[in-house]
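Note that the structure is a prediction, hence the values are computed from the model and not measured. Counting from 1, the numbers follow the sequence of the chain as shown.
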Amino acid sequence: MTSTTQSTRELLLSRIRDVPDYPKPGVLFKDITPLLADPVAFAALTDTLAELCVRHGATKVVGLEARGFILAAPVAVRAGLGFVPVRKAGKLPGATLTQAYELEYGTAEIEVHAEDLSADDRIMVIDDVLATGGTAEASLELIRRAGAEVAGVAVLMELGFLPGRTRLEEGLRGAPLEVLITV
């Protein structure tokens, strides 16, 4: 848990809209678009995540496709750090490193430009939601394969009823997992 103030946590949570039965019946989707549309809430989120990057000594910020891009890019700017997108396979031109990972019903791949990370880098991974942890876990492996160090993982919200935290424990190798809101 971060040192995020209770008032900031309440502000962020108040701007996350529940959408029942989306994308399929029985799912309660957590929509962050009202938070992004509110400049005060979005700034509070950006400031909080930027402070985490600085506290953990990050030199670059990785954003996970796709909503992680929306959060990570302004965080990188606010913290004075570089931004590196981790994309779905086939979306980046040039030389890339690719990492496959298991989904509930199959596999997927993510990739990063090979030259965007180096042994001198400490990377903070930022995403909107930690659910099952598959994408975040794969990103940690990809970062290390590129020769960089993991400074930590920071997410706006964790779906506490899913096993994402447990799945990430080994892959974090002692790096912090920072969660602003658990639902």
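- Annotation: side chain of Ile181 is in contact with side chain of Ile16 (closest heavy-atom distance under 4.5 Å).
- Asp121 places a side-chain N or O within donor-acceptor distance of the main-chain N or O of Ser118, the cut-off being under 3.5 Å.
- One hydrophobic cluster, built from ILVMFWY side chains closer than 4.5 Å, cannot hold both Val54 and Met124; they sit in different ones.
- Distance check, rounded to the nearest 0.5 Å: CG of Leu13 to CG of Leu180 gives 11.0 Å.
- The hydrophobic cluster containing Phe69 does not contain Leu81, counting ILVMFWY residues as joined when their side-chain heavy atoms lie under 4.5 angstrom apart, directly or transitively.
- In this structure, Leu92 is not a member of the same hydrophobic cluster as Val62, with clusters built from ILVMFWY side-chain heavy atoms closer than 4.5 Å.
- Inter-residue side-chain proximity for Arg165 and Glu158 is flagged as met; some heavy-atom pair is nearer than 4.5 Å.
- Between Asp127 and Arg67 there is no salt bridge, since no side-chain N of the basic residue sits under 4.0 Å from a carboxylate O of the acidic one.
- Counting heavy atoms from C-beta on, the side chains of Asp128 and Val155 never come closer than 4.5 Å.
- Side-chain N or O atoms of Glu111 include one that pairs as donor or acceptor with a backbone N or O of Gly90 at under 3.5 Å.
- Here Lys88 does not pair with Glu109 in a salt bridge; the nearest charged N to carboxylate O distance is not below 4.0 Å.
- Atoms CD and CD, from Glu137 and Glu169 in turn, are 11.5 Å apart once rounded to the nearest 0.5 Å.
- Here Arg167 contributes atom CZ and Leu130 contributes atom CG; the two are 10.0 Å apart, rounded to the nearest 0.5 Å.
- For the pair Arg15 (side chain) and Asp38 (backbone), a donor-acceptor distance under 3.5 Å is absent.
- Under the 4.5 Å side-chain contact rule for hydrophobic residues, Phe83 and Leu97 do not share a cluster.
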Assess whether side-chain contact (heavy atoms from CB on, under 4.5 Å) is satisfied between Val84 and His113, documenting all intermediate values.
CA-CA 8 Å; Val84 178; His113 276 131; over 6 Å; no
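- By the criterion of side-chain heavy atoms lying less than 4.5 angstrom apart, applied directly or through intervening Ile, Leu, Val, Met, Phe, Trp or Tyr residues, Val129 is not grouped with Leu11; the two fall into different hydrophobic clusters.
- Annotation for Leu12 and Ala41: closest pair CD2-O, 3.6 Å, computed over non-hydrogen atoms.
- Comment: Arg87 engages Glu65 in a salt bridge, judged by a side-chain N to carboxylate O separation of less than 4.0 angstrom.
- The shortest distance between side-chain heavy atoms of Leu71 and Phe42 falls below 4.5 Å.
- Separation of atoms CZ (Arg55) and CD (Glu178) is listed at 5.5 Å; rounding is to 0.5 Å.
- Tyr101 and Thr135 share a side-chain donor-acceptor pair at under 3.5 Å.
- At a threshold of 4.5 Å between non-hydrogen side-chain atoms, the residues Val61 and Ile123 do not count as touching.
- In this structure, Val27 and Asp21 have side chains that are not in contact, with every pair of non-hydrogen atoms separated by 4.5 Å or more.
- Taking each heavy atom of Gly133 and Leu168 in turn, the nearest pair found is O-CD2, 4.0 Å.
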Hey, mind stepping through Leu159 and Val183 against side-chain contact (heavy atoms from CB on, under 4.5 Å) and telling me if it holds?
CA-CA 5 Å; Leu159 304 180; Val183 295; 3.4 Å; yes
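- The side-chain heavy atoms of Leu45 and Pro74, taken from C-beta on, include no pair separated by under 4.5 Å.
- The neighbour count for Phe29 CZ, taken as heavy atoms of other residues, nucleotides or ligands under 6.0 Å away, is above 12.
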Audit row: Arg144, Glu149, side-chain contact (heavy atoms from CB on, under 4.5 Å) steps and yes/no
CA-CA 6 Å; Arg144 290 188 178 106; Glu149 183 181 345; over 6 Å; no
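- The shortest non-hydrogen separation linking Ala79 to Cys53 is CB-CB, 4.3 Å.
- Atoms OG1 and CD, on Thr96 and Glu115 in that order, are 9.5 Å from each other to the nearest 0.5 Å.
- Considering only heavy atoms from C-beta on, Thr98 stays 4.5 Å or farther from Ile110 through its side chain.
- A 6.0 Å sphere centred on CD of Gln6 holds more than 12 heavy atoms belonging to other residues, nucleotides or ligands.
- Closest non-hydrogen pair, Pro176 versus Ala151, comes out as CD-O, 3.2 Å.
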Is there a side-chain contact (heavy atoms from CB on, under 4.5 Å) between Leu35 and Leu156 once you walk through the steps?
CA-CA 11 Å; Leu35 187 157; Leu156 166 59; 4.2 Å; yes
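- Shown here for Leu162 and Ala131, the closest heavy-atom pair between the two residues is CB-O, 3.5 Å.
- Leu28 contributes atom CG, which lies 13.0 Å from atom OH of Tyr22 (distance to the nearest 0.5 angstrom).
- Residues Pro20 and Asp18 come closest through the heavy atom pair CD-O, 3.6 Å.
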